[in-house]
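Chain A is the first sequence line, chain B the second, and so forth, proteins listed ahead of strands; every chain is numbered from 1.
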2 protein chains.
Amino acid sequence: MPDWPAPVVAASSPAKPLPRPAPQGWEAIRAEVLHRIHARLWLPGATIPTEEALAQEFGCARATVNRALRDLAEAGVLERRRKAGTRVALHPVRRATLDIPVTRREVEGRGQSYGLHLLEQALLPAPVPVAAQLGLAPATPLLHLCTLHLADGRPFLYEVRWLNPALLPDPAPDFAAISANEWLVGHVPYTTGDIAFSAANATAHEAEVLGLAPGTALFITERCTWSGDRAITAVRLAYAPGYRLHTMV
Amino acid sequence: MPDWPAPVVAASSPAKPLPRPAPQGWEAIRAEVLHRIHARLWLPGATIPTEEALAQEFGCARATVNRALRDLAEAGVLERRRKAGTRVALHPVRRATLDIPVTRREVEGRGQSYGLHLLEQALLPAPVPVAAQLGLAPATPLLHLCTLHLADGRPFLYEVRWLNPALLPDPAPDFAAISANEWLVGHVPYTTGDIAFSAANATAHEAEVLGLAPGTALFITERCTWSGDRAITAVRLAYAPGYRLHTMV
DNA sequence: GGGTTTATTATGTGCAGACATAATATCCTC
DNA sequence: GAGGATATTATGTCTGCACATAATAAACCC
């Protein structure tokens, strides 16, 4: 089962916007609408012409206009309501999409070698805040995993995870060989999740594990996931300094 | 719609009302495809049937299947390529969408009062890293703005911005009254942007401005935006402790 | 006037058919 | 067999048309 030929997408330098090759079809319509908004022909809060009218103006089918406007609405540029029509968003929010890969791939994607140290694995009663976050009864037994992820042999990420043991198969996976996250994305369907990013000073323990001075600023990711209404896992990731979560809009 | 939706309600016992009202149309197809992936009927990396085949199976038009599969591809669950077909993503990335509102609305959205202190405004030659980020010649004159944003009168966010003065109208806006970001989203079209999140220890200056102890971990957002190929602005936001960037998937 | 019902209307979604496009598979030539 | 032209094929998109849905506007009644 060979891997799919790697998508030949050169990693673009983050600071170089490219000239767009005049689009056609629904993308042309999207571009034209965007242009009119930017040119302040259609002001924020104003209602723009109906799909029908635009279709006639552009000489295309209403479905094509619909495609373009729907895309802009998803991007937060337009607000659409049945009967009320389509308006230019009054308070445009920048809507960015983040790709959150598995840590191993993130490290390998930088051309570094990936390593993994399972520091702790134990079945413990869930601490109150964790149980509350996941919506479980306090002291529900959960699998507690502490893992240090390495990039080129150096500490990259310290992961503290609480995992619902009910989801594991009988011969439980060897989390010293495959990270819990990687095993989960491949084996447990998830429906809803919850992600928060923040910053925190390294605790004495975190500093020791990551090989840093205590108090170093760490980038923190916290995630909870559920499959339907069943809690899957809660995890806290503390990244070594230098980590940047990056996205383009 | 003949032989398929098999409305779960009709077939199952009346005593089990599903929380989500069984979707219909293209969303039902999306749900069914997701279900098959989660049920490991279609394994990661495997090619799933063609749109045509699925349309026949579900008794709907190909366009409807297309809508569902396209949605799942945008969500990162499927990978689609012409001629090659549609595959279950081998390395599913969690794709989260972030809404990044204007700071004033972010503060007001928490029910706090918003305030703004313009600490510095000067036309200065762009420092090398800033010029490089924006793709400008070194020492291009840029408007340098330092702003402290307040929530309920307490420091919330310290903003350091470099702004292309060519974009400003002749009577330049009063950035002591309206934040540069808020003015920009309303008046300058942007096409591409670039956002990075990280963590950093507060410098002595930042600590003083934000009223914190030096070294406190700060959540940092850095953004660059362009309008076409013209640089608009580069900005660094340092959030006071407690800030969390949050999203649900 | 105030409240409820009904009509109107823009968007949301559906269908069938068609052509465009890109990537693969195949055949042909050397 | 290697390399290149060609056929095949699954997805991408477009067109008309139809009906569903939701939210507003109008009509209506008291």
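Legend: residues meeting salt bridge (Lys or Arg N to Asp or Glu O under 4.0 Å) with B:R244, ordered by chain and number and at least two apart, are A:E222.
Listed pair B:R81 / C:dA22 fails the phosphate criterion, with no side-chain N or O lying under 4.0 Å from OP1 or OP2. For A:T86, a side-chain nitrogen or oxygen approaches OP1 or OP2 of C:dT11 to under 4.0 Å. OP1 and OP2 of D:dT13 both lie 4.0 Å or more from every side-chain N or O belonging to A:T64. Phosphate proximity of D:dT13 to B:N66: absent, as no side-chain N or O sits under 4.0 Å from OP1 or OP2.
At whole-Å resolution of the value, CD in B:Q24 and C1' in C:dT13 are 11 Å apart. Residue B:E79 contributes atom CD, which lies 14 Å from atom P of D:dT11 at whole-angstrom precision. Put simply, CD on A:E27 is 14 Å from C1' on C:dA20, counting in whole angstrom units. Rounding to whole angstrom units, CD of residue A:Q56 and P of D:dT15 are separated by 13 Å. In this structure, the CH2 atom of A:W26 is 12 Å from the P atom of D:dG12, given to the nearest Å. One atom, CG of A:L54, and another, P of D:dC14, lie 15 Å apart when rounded to the nearest Å. Across the protein-nucleic acid pair, B:R80 atom CZ and C:dT21 atom P stand 18 Å apart, rounded to whole Å. Rounded to whole Å, the distance from CD1 on B:I29 to P on C:dT13 is 13 Å.
The pair A:R105-A:E108 does not meet the salt-bridge criterion, since no charged nitrogen lies less than 4.0 angstrom from a carboxylate oxygen.
For B:R70, the listed nucleotide lying nearest its side chain is D:dT13; candidates were C:dT13, D:dA10, D:dT13. With distances taken from any side-chain atom of B:A61 to the nucleotides D:dT13, C:dT11, C:dA16, the minimum falls on C:dA16.
Between the side chain of A:W226 and the backbone N or O of A:L134 there is at least one donor-acceptor pair closer than 3.5 Å. Checked by atom type and distance alone, the side chain of B:T233 pairs as donor or acceptor with a backbone atom of B:W162 at under 3.5 Å.
Counting non-hydrogen atoms under 4.0 angstrom, A:A63 reaches a base of the nucleic acid. When heavy atoms are screened at a 4.0 angstrom cut-off, A:R62 is found touching base atoms of the nucleic acid.
Checking A:T147 against A:R161 by side-chain atom types alone, no donor-acceptor pair falls below 3.5 Å.
For C:dT21, the base has a donor-acceptor partner in the side chain of B:R82 [N/O atoms by modelled type, under 3.5 angstrom].
Mapped onto DNA chain D by nearest heavy atom, A:C60 and B:E51 fall at different nucleotides, with B:E51 at the one closer to the 5' end. Nearer to the 5' terminus of DNA chain C, by closest-nucleotide assignment, is the contact made by A:G85 (compared with the other of B:K83 and A:G85).
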